[in-house]
There are 2 protein chains.
Amino acid sequence: MTIPGHQHETGGCQRVNTVLSRIGDKWSVQVIMRLSTGSRRFNELKREIGSVSQKMLSATLRGLERDGFVSRRVTPSVPPRVDYALTDLGHELLGPVGALGDWAFANIDAVEAARAAFDAAQAQG
Amino acid sequence: MTIPGHQHETGGCQRVNTVLSRIGDKWSVQVIMRLSTGSRRFNELKREIGSVSQKMLSATLRGLERDGFVSRRVTPSVPPRVDYALTDLGHELLGPVGALGDWAFANIDAVEAARAAFDAAQAQG
DNA sequence: CAGCATCCACTATGATACTG
DNA sequence: CAGTATCATAGTGGATGCTG
């Protein structure tokens, strides 16, 4: 992406976008950050994140598992036990995602100020 | 984001997520990458991206402008001329976004292989 | 040229109830 | 505990036609 245009030959832009979309969805980054400190059970994650619904946590985990970022280990006991953890690929992803998150966190004030200024200009003009 | 949990005190996670969501949306990164090489007019961008609709390009640019990543300069002529360019903040964003894009591009084969394996396991199991 | 307005299909998210 | 199934709703994205 540092050399604009160089990946269009192979349709790389659209393919890469499927990964960026997962990063941008509502819960994936939350889950990845939680798992960065160790594996978690389903309801552990749900409690920690708090505001996520069962359905969305389930869907998010399935998406991350499908992409190869998260592993799912089932212990067939009663009650059942399922542990989620980052794969090697998931840990690698943590690098650039963390950098983007850090940047966003460092600049969130500037972004929110820009939004406020824009909205004010709209309301007035 | 490298120190999990440290930004929850100020609700940073939710606020940061609004930035990540913009990165994850369908057209923002495309537009940012195009503008990284210089300013563009509306229809220039539309032609270059190709598959984007007028409505979505318009909405994407307005969103990026609102967040302070893109500037919009109007030349009141006939026909009208509008030039879009990255702001300083937009150029800074290019760093982490480019890194994530590079990572995604470098690992897209692994991700697609994981997807294929997952889908095959589903179809069979 | 650079858009906005309208209508429509599809998706994402959530609330609730149920299951092995 | 760890989900799936169902229903309801809000938002996204696209097609088309119109405007200054």
Q) By salt bridge (Lys or Arg N to Asp or Glu O under 4.0 Å), which residues pair with R81(A), not counting sequence neighbours? A) D83(A)

Q: Under 4.0 Å from any heavy atom of chain B: name the first and the last nucleotide of DNA chain C that qualifies, 5' to 3'.
A: dC1(C) to dC7(C)

Q.
Under the rule for side chain to side chain donor-acceptor pair (under 3.5 Å), what residues qualify as partners of N107(A), not counting sequence neighbours?
A. none

Q: Apply side-chain contact (heavy atoms from CB on, under 4.5 Å) to N17(A) and list each qualifying residue two or more places apart in sequence or on a separate chain.
A: S21(A)

Q) Of the candidate nucleotides dG13(D), dG3(D), dC1(D), which contains the atom at the shortest distance from the side chain of R47(A)? A) dC1(D)

Q: Would you check if L35(A) and L45(A) make a side-chain contact, meaning some heavy-atom pair closer than 4.5 Å?
A: yes

Q) So what does K26(A) touch, heavy atoms closer than 4.0 Å: a base, only the sugar-phosphate, or nothing? A) sugar-phosphate

**Q.** Sequence-distant partners of E44(A), salt bridge (Lys or Arg N to Asp or Glu O under 4.0 Å), two or more places apart
**A.** none

Q: Report the residues that fulfil salt bridge (Lys or Arg N to Asp or Glu O under 4.0 Å) with E48(A), sequence neighbours left out, ordered by chain and then residue number.
A: R34(A), R40(A)

Q: Measure from CG on D25(B) to P on dG13(D) and round the result to the nearest Å.
A: 6 Å

Q: Could you list by number each residue of residues 59-69 of chain A showing a heavy-atom separation from DNA chain C of less than 4.0 Å, or answer none if no residue does?
A: none

Q: Could you tell me the separation between the CE atom of M56(A) and the P atom of dT9(D), rounded to a whole number of Å?
A: 19 Å

**Q.** Nearest-Å distance for atom pair NZ/C1', residues K46(A) and dC1(D)
**A.** 13 Å

Identify each donor-acceptor pair in which a side-chain atom of residues 59-66 of chain B lies under 3.5 Å from a protein atom, sequence neighbours left out, and give them as a table.
unit_1: T60(B); atom_1: OG1; unit_2: M56(B); atom_2: O; d: 2.7
unit_1: R62(B); atom_1: NH2; unit_2: S58(B); atom_2: OG; d: 3.4
unit_1: R66(B); atom_1: NH1; unit_2: D119(A); atom_2: OD1; d: 2.9
unit_1: R66(B); atom_1: NH1; unit_2: D119(A); atom_2: OD2; d: 2.5

Q) What is the distance from CD of E44(A) to P of dG3(D), rounded to the nearest Å? A) 13 Å

Q. Which heavy atom in G101(B) sits nearest to a heavy atom in V16(A), and how many Å separate them?
A. O-CG1, 4.3 Å

Q: Flag the pair L93(B) / L86(B) as yes when at least one side-chain heavy-atom distance between them is below 4.5 Å, and no otherwise.
A: no

Q) Considering only heavy atoms from C-beta outward, does the side chain of L94(B) approach that of M33(B) to under 4.5 Å? A) yes

Q. Are side-chain heavy atoms of V19(A) and F105(B) found at a separation under 4.5 Å?
A. no

Q.
According to salt bridge (Lys or Arg N to Asp or Glu O under 4.0 Å), who are the partners of R115(B), at least two apart in sequence or on a separate chain?
A. D67(A)

Q.
Nearest whole Å is fine: how far is dG13(D) P from Q14(A) CD?
A. 15 Å

Q) What integer distance in Å separates N43(A):CG from dT4(D):P? A) 13 Å

Q. Any side-chain heavy-atom pair from W27(B) and S53(B) closer than 4.5 angstrom?
A. no

Q) With sequence neighbours left out, what residues match V74(A) under side-chain contact (heavy atoms from CB on, under 4.5 Å)? A) R72(A), V82(A)

Q.
What's the angle between the local helix axes at either end of the helix from dC1(C)-dG20(D) to dG20(C)-dC1(D), using five pairs per end and rounding to 10 degrees?
A. 50°

Q: At under 4.0 Å between heavy atoms, which parts of nucleotides 15-20 of chain D does protein reach? Answer with one letter per nucleotide, 5' to 3': B base, S sugar-phosphate only, - none.
A: B-B--B

**Q.** Length of the CZ-C1' vector between R72(A) and dC1(D), whole Å
**A.** 12 Å

